[in-house]
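The structure appears below as structure tokens.
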There are 2 protein chains.
Amino acid sequence: MFKAMAMKVEKVSELTTNRLSLYLRCLEGLAEAGRLTISSDDLAREFHFNSAQIRKDLAYFGEFGVRGKGYEVETLRDNLRSILGLDKCHKVALIGAGNLGSALVDYYGFHQRNFHITAVFDSDPDKIGQRVKNIEISDMKNFSSVAKRDNIEVAVIAVPGTAAQSVLEIVSAAGIKAVMNFAPVPLKVSSDVKLNTVDLTTSLESLSYFLAQPPRTNGSETLLKSARAQGFTAVKNKR
Amino acid sequence: MFKAMAMKVEKVSELTTNRLSLYLRCLEGLAEAGRLTISSDDLAREFHFNSAQIRKDLAYFGEFGVRGKGYEVETLRDNLRSILGLDKCHKVALIGAGNLGSALVDYYGFHQRNFHITAVFDSDPDKIGQRVKNIEISDMKNFSSVAKRDNIEVAVIAVPGTAAQSVLEIVSAAGIKAVMNFAPVPLKVSSDVKLNTVDLTTSLESLSYFLAQPPRTNGSETLLKSARAQGFTAVKNKR
DNA sequence: TGATGTGAAGCGGTTCACAGCC
DNA sequence: GGCTGTGAACCGCTTCACATCA
């Protein structure tokens, strides 16, 4: 199917894998639009990436292109899905059945990406036993046993900052290796656990800082910039 | 009050300001715990930063420390708040009254950081006129006039990916300069607008990639790593 | 003495530019 | 001819190490 997969043992930067995620989304759009083939230059132009970076990112995982022609859209899309592990279903436990947590249960992106929330936990006695979207809220005390029973691979932490560290320790002790955290606190974790913190507070404060700066007198410059989220490039591109 | 503020015109990296946000949170905790003074070394040890980096980050904005002594916790905290513009209230418009959007209206972090959601927009006729937490949902058609009337400075986009680009253009045309986006699509924006995309899809896929990798045979290594969110360091720290 | 502030070194990611191949 | 894959240059962020100062 594909020539070389994970052949290079050298470490791939998280910046690279984050970009793969973007490339995949672009390719899905292109495939839906019926595009058969695309060059790294076209992809770069259309989505404001750098073409060399696209090629380098892909090269970590094999040779997917055809010289003189470009990349086959559907093939590359499928390869990226496979590289990112999106061809397998992942069972997710949500911890914290507050506003944010409850919204996440419905989050379309989870379903779309083969992430299935199959358990919800809280420590509030008033919530335990209630249902969120047909999932009964379990007592956090039972996390380990329920997680093992349900083969949970991923935990989503949506509890107040004060509780986050202790929740993380329970989760980690239960053998969960992948955690998404929404609590805006610096957490410590064993190095074999992958922890992604989505830090809304810092994002907000970044906006606040921007607003506090004197407006750049850019003249009549109206350059478009691509809307890369934090985490896609190490260095802000000047143009 | 402070010796030098914003004296250096040289550009401050977003990585730096993101870290200021973390330092601030640490200092708030320390102040609450009654700590009066702290050295960059202690701060680094306790929260897993690098002490030189802390000093350098702060040095962009002035000389806040006392040689041989360290930093005064409350003073530095107040300075950071001011630098980040958190001493002023920011009016926020939420666009998209779905699950995620509605949850955000309640998000404690907004209130805590002086961000006040004063308007909610949607384009679904069934939702317009309804209320989310006492805020009436307005027609997105009226965004510009309502935003001007209410002095909105910040827009939060929580609409489906397909609608995000056109919403962003409306927001941008209305003169909004700071946008937080939750739609997982690459958006294009004029360069005088600050756009922070919170990309849950990429975060998820990053976890998925991690799970798809063969487990690192780290031996018995049990290093703790600090839980920095994406966007705080350009380079993943090895230890 | 002890900790800050900072020049310089180190390092990793991005971009350039082109050899190699279809 | 056109585009990929990639070594090398480049660039910016991080870290070191120390002069400086309370």
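In what follows, chains carry the letters A, B, and so on, assigned in the order in which the sequence lines appear, proteins first and then strands, with residues in each chain numbered from 1. Computed from a prediction, not measured in an experiment: that's the story for all the values here.
- Taking only side-chain atoms of Val66(B), from C-beta outward, the nucleotide of dG5(C), dT4(C), dA22(D) with the closest atom is dA22(D).
- Listed nucleotides: dG5(C), dT15(D), dT14(C). Nearest to the side chain of Asn50(B): dT15(D).
- Counting non-hydrogen atoms under 4.0 angstrom, Ser51(A) reaches nothing in the nucleic acid.
- Checking the phosphate oxygens (OP1, OP2) of dG5(D), a side-chain nitrogen or oxygen of Tyr71(A) falls inside 4.0 Å.
- With hydrogens and angles left out, the side chain of Lys56(A) and the base of dT15(C) share a donor-acceptor pair within 3.5 Å.
- With rounding to the nearest 0.5 angstrom, the CD1 atom of Ile152(A) is 6.5 Å from the CD1 atom of Ile176(A).
- Of the candidate nucleotides dC18(D), dG5(D), dT4(D), dC18(D) has the atom lying nearest to any side-chain atom of Arg55(B).
- Put simply, CD on Glu14(A) is 16 Å from P on dG12(C), counting in whole angstrom units.
- Judged by atom type and distance alone, Arg67(B) reaches the base of dT20(D) through a side-chain donor-acceptor pair under 3.5 Å.
- One atom, OH of Tyr23(A), and another, C1' of dT4(D), lie 14 Å apart when rounded to the nearest Å.
- Note on ring orientation: taking the six-membered ring where Trp is involved, the planes of Tyr209(A) and Phe61(B) are perpendicular (angle over 60°, cut-offs 30° and 60°).
- Applying the ring-ring contact (aromatic ring centres under 6.0 Å, His included) test to residues at least two apart or on different chains, the pairs with a partner in residues 17-40 of chain B are Tyr23(B)-Phe49(B).
- Nucleotide dT15(D) holds its C1' atom 9 Å from the CD atom of Gln53(B), rounded to whole Å.
- One interatomic measurement links the two molecules: CG of Asp41(A) to P of dG5(D), which rounds to 13 Å at whole-angstrom precision.
- The side chain of Ala52(A) sits closest to dT6(D) out of dA3(C), dT6(D), dT14(D).
- A salt bridge does not link Arg77(A) to Glu72(A): none of the charged side-chain nitrogens sits closer than 4.0 Å to a carboxylate oxygen.
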query: Stepwise, does the salt bridge (Lys or Arg N to Asp or Glu O under 4.0 Å) test hold for Lys88(B) with Glu153(B)?
result: CA-CA 12 Å; Lys88(B) 296 177 197 68; Glu153(B) 284 179 295; over 6 Å; no
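- At the phosphate of dG13(C), neither OP1 nor OP2 sits under 4.0 Å from any side-chain N or O atom of Tyr60(A).
- We find that Glu28(A) and Arg113(A) are joined by a salt bridge, their nearest charged nitrogen and carboxylate oxygen being less than 4.0 Å apart.
- Closest-nucleotide positions on DNA chain C for Gly68(A) and Leu58(B) were compared, and the one nearer the 5' end corresponds to Leu58(B).
- Under the 30°/60° scheme for interplanar angles, the aromatic rings of His111(A) and His116(A) are found to stand perpendicular.
- Computed from coordinates, the Asp57(B) CG to dT6(C) P distance equals 13 Å when rounded to whole Å.
- The end-to-end axis angle of the helix from dT1(C)-dA22(D) to dC22(C)-dG1(D), rounded to 10 degrees and based on five pairs per end, is 0°.
- Here Ser40(A) lies in heavy-atom contact (under 4.0 Å) with sugar-phosphate atoms only.
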